[in-house]
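Below is one structure; the comments refer to it alone.
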Amino acid sequence: MRSDALKQLLLATPGPTPERLAADFDRLWPIMRSITGEGVRRTHAILNDIAPLTSLEVPTGTQCYDWAVPEEWVFRSARLYAPDGRLILDAVQNNLHVLNYSAGFSGSVSLEELQEHLHSLPDIPDAIPYLTTYYTRQWGLCMSHRQREQLTQGRYRVEIDAEHVAGSMTLSHCVLPGDSPEEILFSTYTCHPSMANNELSGPLVAAHLLRRLASLPSRRYTYRFLFLPETIGSIAYLAAHGEYLKTAVKAGYVLTCIGDAGPATYKRSRQADTLADRAAEYVLQWFSPGGLVLDYWPGGSDERQYCSPGFNLPVGVLARTIYAAYPQYHTSQDNRDFVSFPAMCDSIDLCFAVALLLERNHVFRRTNPYCEPFLAKHNLHAPLGGQRLPGAWKKARQWILNLSDGTCDLLHMAQRSGLDYWLLTEVASELEKAGLIIRSASPKGLRPAEGAI
């Protein structure tokens with residue numbers, strides 16, 4: 001259950017309404033997206049209407065560690081006609097009808113040859129699968145298995161108007177400067193067409209979270225938001241900025257599959273016990289009873305790039321029903337009906353609460369560490385706050401004064417004492433004003449943030 005103090009903090013800087021999220025979703029939903037192309041640029045332009053983004057173009061052929069940026073995909077249309085001339089498939093009706101990154105093709109084929117280029121899901125017969133061919137040139141179409149079983153003998157007309165050209169891959173980022181150059185990273189991807197939970201929920205939550213953090217009068221940390229094509233995008237960004245991020249990132253999160261009505265989920269970083277992990281797990285237990293905490297595994301989304309051995313960044317995943325854990329995943333059934341815009345608003349609150357926790361999570365040390373201070377001398381003989389139990393406020397003082405040795409942060413104190421973190425932040429502020437504790441200095445030596453606006 002959320003504490004009253006956290007509720008007040010969330011109300012003080014409100015997020016979007018479900019209606020606003022639905023309107024943004026509806027602008028983005030029809031766009032044909034992939035890892036490159038005009039659909040990605042249109043998507044980023046719409047996201048830039050929500051919060052300020054700087055777009056970067058990485059040219060075809062750019063080497064990024066073991067990978068290279070592929071040719072840009074130019075897609076115009078994809079249709080399949082029955083032997084009697086009827087239109088039986090059109091990517092205008094659903095972007096998933098074409099194999100993403102498909103080569104162009106125009107011609108008449110037999111049913112047998114057509115079947116070699118068709119894709120469906122026998123176990124989910126009414127769903128269209130989402131499949132890609134980014135690095136192998138072939139043409140293909142996708143349809144429901146039920147529709148596929150109804151195909152009859154004859155010659156079919158295939159018209160796929162698509163080509164691959166030397167171009168570029170679009171990435172966008174935004175760096176919100178804070179008092180410290182230490183960074184909190186939020187990363188999401190913009191490459192899946194016609195995916196509601198496993199695509200649009202991540203960019204929508206990230207963009208509105210960015211907008212919300214930008215509205216704060218001040219920030220302790222610098223925040224970096226990345227909007228990338230999955231895998232190749234994060235690899236390309238790390239190739240350009242990874243060495244800096246190794247020194248700067250204090251905590252980070254991949255936002256994915258974060259728009260359905262399921263309980264919140266956190267997947268730990270590779271290190272498993274970083275500040276990012278501790279903060280997310282604490283907020284999850286208070287914010288989303290029934291939420292899931294999953295151990296790290298080297299698959300999934302872009303966390304596998306950020307957590308690769310050469311970087312090993314403290315990056316976990318914030319989600320609701322995480323990838324591959326729901327039957328609609330990577331099918332046409334991951335649609336508008338599957339997501340919940342009130343749940344998406346709740347996800348933005350969750351991410352914002354994690355950021356607020358990190359903002360207030362200081363390490364303190366006593367100005368006089370010997371024995372207990374004489375509180376009456378410091379005008380602290382009675383608890384503050386009219387609606388707080390004196391016992392909780394007194395216990396919070398005792399724990400903070402005892403653990404303020406320059407090694408324990410407030411989150412550690414909350415976890416060890418069992419007291420509400422947000423109560424501890426208020427009591428710490430009281431003790432700090434009284435001169436009984438001071439904040440330990442932040443690490444020095446980081447240069448200004450790369451890409452800061």
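Here the structure is a predicted model, which means the values were calculated and not measured.
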Interatomic distance, Ile184 atom CD1 to Arg224 atom CZ [nearest 0.5 angstrom]: 12.0 Å

Glu182 side chain vs Lys250 backbone, donor-acceptor pair below 3.5 Å: no

Backbone N/O of Val74 and side chain of Glu38: donor-acceptor pair under 3.5 Å: no

Criterion side chain to side chain contact (heavy atoms under 4.5 Å, CB included) on Asp277 and Val293, from CA distance to verdict: CA-CA 10 Å; Asp277 302 305; Val293 176; over 6 Å; no

Note, Met32 side chain near Trp73 side chain (heavy atom, < 4.5 Å): yes

Pair Tyr323 and His330, ring centroids less than 6.0 Å apart: no

Under 3.5 Å donor-acceptor, Thr222 side chain and Ser180 backbone: yes

Between CD on residue Glu199 and CZ on residue Arg33, distance to nearest 0.5 Å: 5.0 Å

Non-hydrogen atoms of Glu71 and Ala166 that approach each other most closely: OE2-N, 4.2 Å

Residues Leu431, His378; criterion side chain to side chain contact (heavy atoms under 4.5 Å, CB included); working and verdict: CA-CA 9 Å; Leu431 296 173; His378 301 278; over 6 Å; no

Test side chain to side chain contact (heavy atoms under 4.5 Å, CB included) applied to Asp334 and Asp260, step by step: CA-CA 10 Å; Asp334 186 353; Asp260 69 287; over 6 Å; no

Smallest separation among heavy atoms of Ser269 and Tyr296, with atom names: O-CB, 3.3 Å

Check: Val69 main-chain N/O paired with Thr62 side-chain donor or acceptor under 3.5 Å: no

Distance in Å, His119 NE2 paired with Ile128 CD1, rounded so as to fall on 0.5 Å steps: 13.5 Å

Under 3.5 Å: donor-acceptor pair, side chain of Asp26, backbone of Ala23: no

side-chain contact (heavy atoms from CB on, under 4.5 Å) partners for Ser120, two or more places apart: His145, Arg148

Donor-acceptor pair, side chain of Arg304 and main chain of Gly299, under 3.5 angstrom: no

Heavy atoms from other residues, nucleotides or ligands near CD of Glu372 exceed 12 (cutoff 6.0 Å): no

Whether Arg270 side chain and Asn312 backbone form a donor-acceptor pair below 3.5 Å: no

Verdict with supporting geometry, Ile258 and Met344, side chain to side chain contact (heavy atoms under 4.5 Å, CB included): CA-CA 7 Å; Ile258 197 166; Met344 221 176 287; 5.5 Å; no

Exercise: do Thr425 and Arg360 side chains pair donor with acceptor under 3.5 Å: no

Whether Tyr282 and Trp286 hold their rings parallel, tilted or perpendicular, with breakpoints at 30° and 60°: tilted

Main-chain N/O of Leu255 paired with Thr188 side-chain donor or acceptor, under 3.5 Å: yes

From CA spacing to verdict: side-chain hydrogen bond (donor to acceptor under 3.5 Å, both in side chains), Asn197, Tyr329: CA-CA 8 Å; Asn197 195 42; Tyr329 176 72; over 6 Å; no

Derivation and outcome, salt bridge (charged side-chain N to carboxylate O under 4.0 Å, His left out), residues Asp349 and Lys7: CA-CA 10 Å; Asp349 279 350; Lys7 290 178 183 177; over 6 Å; no

Test item: Ser34 side-chain N/O and Cys191 main-chain N/O as donor-acceptor pair under 3.5 Å: no

Value rounded to 0.5 Å, distance of CD1 in Ile46 from CG in Asp24: 8.5 Å

pair Arg365-Ile438: side-chain heavy atoms closer than 4.5 Å: yes

Min side-chain heavy-atom separation Asn48-Ser172 under 4.5 Å: no

Mutual orientation of the aromatic rings belonging to Trp29 and Phe25 [parallel < 30°, tilted 30-60°, perpendicular > 60°]: parallel

Nearest-0.5 Å distance, OG1 of residue Thr190 to CG of residue Leu47: 7.0 Å

Test item: side-chain donor near acceptor, Asn95 and Tyr130, under 3.5 Å: no

Nearest non-hydrogen partners of Asn335 and Ala196, listed with the distance: O-CB, 3.2 Å

Taking every non-hydrogen atom, the tightest pair across Pro193 and Asn100: CG-ND2, 3.5 Å

Side-chain ion pair, Arg41 and Glu57, N-O less than 4.0 Å: yes

The single option from Val40, Thr170, Leu171 passing side-chain contact (heavy atoms from CB on, under 4.5 Å) against Pro229: Leu171

Donor + acceptor pair across side chains of Arg320, Ser347 (<3.5 Å): yes

Leu216 and Leu176, any side-chain heavy atoms less than 4.5 Å apart: no

Shortest non-hydrogen separation from Ser404 to Ile400 and the atoms involved: OG-O, 2.6 Å

Tyr135, OH atom: more than 12 neighbouring heavy atoms under 6.0 Å: yes

Distance in Å, Leu292 CG paired with Lys267 NZ, rounded so as to fall on 0.5 Å steps: 14.0 Å

Test side chain to side chain donor-acceptor pair (under 3.5 Å) applied to Tyr306 and Ser187, Ser234, Ser301, the passing residue: Ser187

Note: Arg268-Asp295 ion pair, threshold 4.0 Å (strictly below): yes

Heavy-atom side-chain contact between Leu210 and Phe186 under 4.5 Å: no

Heavy-atom donor-acceptor pair, Thr265 side chain to Thr321 backbone, under 3.5 Å: no

Arg219 atom CZ: more than 12 heavy-atom contacts under 6.0 Å: yes

Centroid-centroid distance, Tyr101 to Tyr134, less than 6.0 Å: yes

Close side-chain approach of Ser168 to Glu72, heavy-atom, < 4.5 Å: yes

Exercise: identify the closest heavy-atom pair between Leu357 and Val283: CD1-CG2, 3.7 Å

Heavy-atom side-chain contact between Glu303 and Tyr253 under 4.5 Å: no

Test: Glu430 and Lys433 ion pair at under 4.0 Å: no

Atom CZ of Arg416 with >12 non-hydrogen neighbours under 6.0 angstrom: no

Whether Phe311 and Tyr65 hold their rings parallel, tilted or perpendicular, with breakpoints at 30° and 60°: perpendicular

Side chains of Asn94 and Ser194 in contact at under 4.5 Å (non-hydrogen atoms): yes

